Participant: 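Can you read through this structure? Questions will come right after.
Both backbone and side-chain heavy atoms feed into the values below; hydrogens, waters and symmetry mates do not. Note that the structure is a prediction, hence the values are computed from the model and not measured. Residue numbers start at 1 and run along the sequence shown.
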Amino acid sequence: MNIAADIADELERPNADSAIAHALFAEAPNSVSFNKLRKRLLRNVRQAFDDFAMLKGQKRWLIGLSGGKDSYGLLALLLDLQWRGLLPVELIACNLDQGQPNFPKHILPEYLTKVGVKHRIEYRDTYSIVKEKVPEGATYCSLCSRLRRGNLYRIAKEEGCDALVLGHHREDILETFFMNLFHGGRLASMPAKLLNDEGNLMVLRPLAYCAEDDMAKFAVAMQFPIIPCDLCGSQDGLQRNAMKDMLADIERRMPGRKDTMLRALAHVNPSHLLDPKLFDFGGLMAGETVPKSE
């Protein structure tokens with residue numbers, strides 16, 4: 001399948017016009033630069049669908065909507081593909097109101113109702129739990145994320161969904177890889193497709209190939225009503241911020257390295273690493289055929 005040509009053809013059809021596209025795109029720019037950005041993001045998402053078999057057996061997805069640029073962008077791109085008949089999956093958006101002070105509760109339900117998106121707003125005061133459990137000065141992200149994910153798993157099952165779909169993009173994956181490398185002593189990142197521990201729910205990341213800068217430009221152009229995270233977004237010195245700064249510096253000095261790093265995560269050679277659980281070094285003997293890695 002030629003995904004690039006497929007997406008280009010779809011966007012040239014009459015229903016690509018914003019006046020008759022999904023209501024979420026009603027006020028989208030009608031410019032060459034925006035259309036190129038939109039096509040690129042759609043192409044990236046469809047490539048992730050194909051590479052990781054995300055549509056295999058799927059019927060209903062729960063989209064985790066935080067109110068940030070990435071989750072809004074994820075929702076818009078999936079609705080765009082669904083509108084064009086390229087995503088035969090039922091979608092339901094879900095926001096978990098975690099009880100953060102001054103959280104603007106009206107923004108997401110009003111926006112989702114306006115654009116005609118089926119949604120569920122769930123209230124769970126995980127904010128108090130995080131504030132109670134995490135020492136002063138420590139970062140909240142890890143515990144906050146675990147509590148949020150557990151609730152989203154539960155909601156997905158209650159809604160009869162096959163998958164929980166999250167808005168993590170290329171930079172999130174690379175930052176996680178380097179956090180695990182530098183602080184965890186292991187080679188691991190965010191998988192684009194993951195089966196939960198119970199084995200009854202998929203976790204999908206269709207934005208795995210999408211650049212954060214593209215998602216930011218898309219959010220500005222689409223005028224999403226962004227809700228900032230006041231719980232952890234205001235904390236300085238987070239390990240993830242350090243990884244983000246490092247990757248940005250590398251990209252400035254050597255443009256294109258982020259894409260190269262992402263490709264490296266998809267081309268792993270266990271025989272050239274140091275993990276005897278992944279490669280039988282003990283069975284490697286001179287004069288015998290060297291087993292090729294998968």
Side-chain angles (χ1 to χ4, degrees), residues 33 36-48 51-52 54 64 66-74 76-77 138-146 148-149 165-194 203-222 224 226-270 272-275:
S33 61
K36 286 183 177 179
L37 172 64
R38 183 176 174 184
K39 288 179 185 179
R40 181 164 63 249
L41 289 171
L42 289 171
R43 187 166 57 246
N44 288 338
V45 170
R46 292 215 62 206
Q47 189 67 60
D51 287 352
F52 302 103
M54 290 187 180
S66 67
K69 69 180 192 311
D70 304 318
S71 62
Y72 273 123
L74 171 66
L77 293 167
T139 59
Y140 301 135
C141 295
S142 179
L143 178 57
C144 178
S145 178
R146 289 201 303 273
R148 181 172 62 249
R149 188 70 54 83
V165 188
L166 303 174
H168 297 117
H169 46 61
R170 179 187 70 178
E171 275 71 10
D172 289 321
I173 290 172
L174 292 176
E175 290 159 17
T176 300
F177 172 78
F178 281 105
M179 287 176 66
N180 284 323
L181 178 66
F182 292 160
H183 302 286
R186 60 195 182 102
L187 297 180
S189 187
M190 290 178 173
K193 183 179 182 180
L194 174 71
V203 179
L204 305 177
R205 297 183 172 94
L207 303 183
Y209 295 147
C210 296
E212 182 175 18
D213 185 55
D214 279 350
M215 297 304 299
K217 292 175 183 176
F218 187 65
V220 170
M222 292 290 290
F224 295 136
I226 303 298
I227 302 173
C229 177
D230 293 327
L231 177 61
C232 56
S234 60
Q235 290 181 299
D236 295 326
L238 297 179
Q239 292 176 353
R240 185 169 292 276
N241 285 346
M243 299 301 103
K244 184 181 293 292
D245 291 343
M246 180 193 73
L247 287 166
D249 180 60
I250 292 173
E251 188 70 16
R252 278 192 299 269
R253 292 186 289 109
M254 295 178 286
R257 292 314 95 186
K258 286 183 179 179
D259 282 334
T260 301
M261 292 178 197
L262 197 69
R263 286 198 301 273
L265 293 180
H267 295 84
V268 179
N269 191 341
H272 286 58
L273 295 174
L274 303 176
D275 191 342

Participant: Would you say that Lys193 contacts Arg205 through its side chain, given a criterion of any heavy-atom pair below 4.5 Å between the two side chains?
Facilitator: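 The answer is no; the side chains never approach within 4.5 Å.
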Participant: With side-chain contact (heavy atoms from CB on, under 4.5 Å) as the criterion, how do Phe182 and Met243 come out once you've worked through the C-alpha distance, each side chain's angles and the decisive distance to 0.1 Å?
Facilitator: CA-CA 10 Å; Phe182 292 160; Met243 299 301 103; 3.6 Å; yes
Participant: Name the one of Glu171, Met246, Arg257 that satisfies side-chain contact (heavy atoms from CB on, under 4.5 Å) with Glu251?
Facilitator: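 Among Glu171, Met246, Arg257, the one that satisfies the side-chain contact (heavy atoms from CB on, under 4.5 Å) with Glu251 is Arg257.
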Participant: Are side-chain heavy atoms of Pro206 and Leu77 found at a separation under 4.5 Å?
Facilitator: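 Not touching, per the 4.5 Å side-chain cut-off.
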Participant: Do Leu207 and His168 have side-chain heavy atoms sitting under 4.5 Å apart?
Facilitator: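 Contact flag for Leu207/His168 side chains = no.
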Participant: Look at the side chain of Asp249 and the backbone N and O of Asp245, then say whether any donor-acceptor pair between them is shorter than 3.5 Å.
Facilitator: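 Here the side-chain-to-backbone pair does not exist.
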Participant: Any side-chain heavy atom of Val45 sitting closer than 4.5 Å to one from Leu74?
Facilitator: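 No, side chains not in contact.
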Participant: Within the distance-only criterion (no hydrogens, no angle test), does the side chain of Asp259 pair as donor or acceptor with the backbone N or O of Gly256 below 3.5 angstrom?
Facilitator: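 Absent.
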Participant: Give a yes-or-no answer on whether the side chains of Ser66 and Arg148 include a donor-acceptor pair shorter than 3.5 Å.
Facilitator: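 No, because no side-chain N or O of Ser66 sits under 3.5 Å from a partner of the opposite role on Arg148.
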Participant: Work out which heavy atom in Cys210 is nearest to a heavy atom in Met215; give both atom names and the distance.
Facilitator: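 It is CB-SD, 4.1 Å.
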Participant: For the CG atom of Leu187 and the CG atom of Leu181, what is their distance to the nearest 0.5 Å?
Facilitator: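 CG of Leu181 is found 6.0 Å from CG of Leu187.
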Participant: List the atom of Met54, the atom of Ala192, and the distance in Å for their closest heavy-atom pair.
Facilitator: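 That would be CE-O, 3.3 Å.
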Participant: Hey, is the main chain of Ile173 close enough, under 3.5 Å, to the side chain of Ser189 for a donor-acceptor pair?
Facilitator: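 Yes, because the side chain of Ser189 sits within donor-acceptor range (under 3.5 Å) of the backbone of Ile173.
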Participant: Once rounded to the nearest 0.5 Å, what's the spacing between atom CG of Leu166 and atom CG of Leu204?
Facilitator: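 Rounded to the nearest 0.5 Å, the CG-CG separation comes to 8.5 Å.
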Participant: Under 3.5 Å, is there a donor on one side chain and an acceptor on the other for Tyr209 and Asp51?
Facilitator: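 Note: Tyr209 and Asp51 side chains meet the donor-acceptor criterion.
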Participant: For the backbone of Ala188 and the side chain of Asn180, can you confirm whether one donor and one acceptor N or O come within less than 3.5 Å of each other?
Facilitator: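 Checked: pair present.
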Participant: Do Tyr72 and Phe218 have side-chain heavy atoms sitting under 4.5 Å apart?
Facilitator: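 Sidechains of Phe218 and Tyr72: no contact.
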Participant: Between atom NE2 of His169 and atom CD of Glu175, what is the distance when rounded to the nearest 0.5 Å?
Facilitator: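 One gets 7.0 Å once the value is rounded to the nearest 0.5 Å.
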Participant: Nearest 0.5 angstrom please: Lys258 NZ to Met261 CE, how far?
Facilitator: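 Rounded to the nearest 0.5 Å, the NZ-CE separation comes out at 8.5 Å.
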Participant: Would you give the length of the straight line joining atom CZ of Phe52 to atom CG of Leu194, rounded to the nearest 0.5 angstrom?
Facilitator: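 Going from CZ on Phe52 over to CG on Leu194, the span is 12.5 Å.
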Participant: From the options Lys244, Arg170, Lys217, select the one residue that forms a side chain to side chain donor-acceptor pair (under 3.5 Å) with Glu212.
Facilitator: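 Single side chain to side chain donor-acceptor pair (under 3.5 Å) partner of Glu212 among Lys244, Arg170, Lys217: Lys244.
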Participant: Any chance you could measure Thr260, atom OG1, to His267, atom NE2, to the nearest 0.5 Å?
Facilitator: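 Interatomic distance, Thr260 OG1 to His267 NE2, rounded to 0.5 Å: 11.5 Å.
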